[in-house]
Number of protein chains: 2
Amino acid sequence: MAVQIKHKIWLEQDNAMLMGKGHVLLLKAIQKMGSLSGAAKEVGISYRKAWKLIDHLNSTAPSAVVELTTGGSGGGGTTVTGYGNELIGFFEEAEKESRLVLEKQLSKNETLWK
Amino acid sequence: MAVQIKHKIWLEQDNAMLMGKGHVLLLKAIQKMGSLSGAAKEVGISYRKAWKLIDHLNSTAPSAVVELTTGGSGGGGTTVTGYGNELIGFFEEAEKESRLVLEKQLSKNETLWK
DNA sequence: AAGCGTTATGCATAGGCGAATATAACGAAA
DNA sequence: TTTCGTTATATTCGCCTATGCATAACGCTT
């Protein structure tokens, strides 16, 4: 099988993880499900971990990324803010740009793998 | 402190890790030291781990990446092949290209972080 | 007031990874 | 043949992370 080039990107603030792909997947699942618990199930991680991811991101980022409400009809829920949406867009575009440039490098050096 | 964008790249073959930054650092240390044990010390990992990294890379890559000799004057040693050198060059160039494109994305979206 | 689904949080446990340790094999030089 | 520094490999131990379980708080609905 051919050699593949993989990559991973993430954002840091004060040398601490701020947001990675896991956060993005979770945020998109929140948009779809309307709750953090539902999103955790959707993505396939424990609620415990999902809550930690979101809590740290939300309390560290320059602006609120999600809004969490407890109680009420349906028990509460979680929604992604406009700022959160901007973050998702930025992350996905950066990842795409990186992927494109890496695939170009790979195809430029095809002879290395055979 | 400002938000930073970090990235990591690696090569896979048959869905298994082939070579990452740790391999590259180790290979360059081998070039400098002439031995795997010395390189491990230089990089700051255990010989055990260094050997596993190199062994898997060397036995999986399309061509030999290093040549290991045991016994003899000096006890033996390890050298990086020409192919190994090509891999190092490819990896470092790919990483640089990716870094450039990501920093461009970050500066294009400065307003997100304040 | 009772019920329900969600957010919020602590704690104990299991699994995986790397480190540390120990030992064998190797082959040139003295 | 003894010595020496290296490669080669198994085994044990400790740490970190994620998970699972348990429990509380919340507030709308009925």
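Each chain gets a letter, A, B and so on, in the order its sequence line appears, and its residues count up from 1. Note: hydrogens, waters and symmetry copies are ignored here, and every other heavy atom, side chains too, is used.
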For nucleotides 12-16 of chain D, print each protein N/O atom paired with a nucleotide N/O atom at under 3.5 Å, atom names and distance only.
none

| query | How sharply is the helix from C:dA1-D:dT30 to C:dA30-D:dT1 bent, taking the axes over five pairs at either end and rounding to 10 degrees? | reply | 10°

| query | Considering only heavy atoms from C-beta outward, does the side chain of A:Thr79 approach that of A:Ile30 to under 4.5 Å? | reply | no

| said: In the structure I gave you, are the side-chain heavy atoms of A:Phe90 and B:Ile5 within less than 4.5 Å of one another anywhere? | reply: yes

| Exam field: side chain B:Tyr83 to backbone A:Leu112, donor-acceptor pair closer than 3.5 Å | yes

| said: Donor-acceptor pair, distance only, cut-off 3.5 Å: does the side chain of B:Ser98 make one with the backbone of B:Ala94? | reply: no

Can you give me every donor-acceptor pair (side chain of residues 64-77 of chain A, partner residue at least two apart or in another chain, under 3.5 Å) with its distance?
residue	atom	partner	partner atom	Å
A:Thr69	OG1	A:Gly77	N	3.3
A:Thr69	OG1	A:Gly77	O	3.4

| said: Holding to salt bridge (charged side-chain N to carboxylate O under 4.0 Å, His left out), I want the full list of residues that pass it with B:Lys21, two or more places apart in sequence or in another chain. | reply: B:Glu95

| said: Tell me the closest heavy-atom pair linking B:Val43 and B:Leu25, and the distance in Å. | reply: CG2-O, 3.9 Å

| query | Would you find a donor on one side and an acceptor on the other, under 3.5 Å apart, between the side chain of B:His23 and the backbone of B:Gly20? | reply | yes

| field | Close side-chain approach of B:Ile88 and B:Lys28, heavy atoms under 4.5 Å | value | yes

| query | Could you give all pairs that pass the salt bridge (charged side-chain N to carboxylate O under 4.0 Å, His left out) test and reach residues 35-47 of chain B, with sequence neighbours left out? | reply | B:Lys32-B:Glu42

| query | Of the residues in residues 28-62 of chain A, which ones touch DNA chain D at a heavy-atom distance under 4.0 Å? | reply | A:Ser46, A:Arg48, A:Lys49

| Quick one, which residues of residues 9-17 of chain A touch DNA chain D with a heavy atom under 4.0 Å? | none

| query | Are side-chain heavy atoms of A:Lys6 and B:Ile9 found at a separation under 4.5 Å? | reply | no

| field | Salt bridge B:Glu103-B:Lys108, side-chain N to carboxylate O under 4.0 Å | value | no

| request: Determine the minimum heavy-atom distance between A:Glu12 and A:Trp10, stating which atoms define it. | output: OE2-NE1, 3.0 Å

| field | Opening and closing nucleotides of DNA chain C in contact with chain B, under 4.0 Å to non-hydrogen atoms | value | C:dA19 to C:dA29

| For A:Lys96, which residues count as a side-chain contact (heavy atoms from CB on, under 4.5 Å) partner, sequence neighbours excluded? | A:Arg99, A:Leu100

| Mind checking what makes salt bridge (charged side-chain N to carboxylate O under 4.0 Å, His left out) contact with B:Lys104, not counting sequence neighbours? | none

| Gap separating the OG1 atom of B:Thr60 from the CE atom of B:Met17, nearest 0.5 angstrom | 11.5 Å

| message | Using a strict heavy-atom distance below 4.0 Å, which residues from residues 71-85 of chain A are in contact with DNA chain D? | response | A:Gly71, A:Gly72, A:Ser73

| task | Can you sort out the partners of A:Glu86 under salt bridge (charged side-chain N to carboxylate O under 4.0 Å, His left out), two or more places apart, ordered by chain and number? | result | none

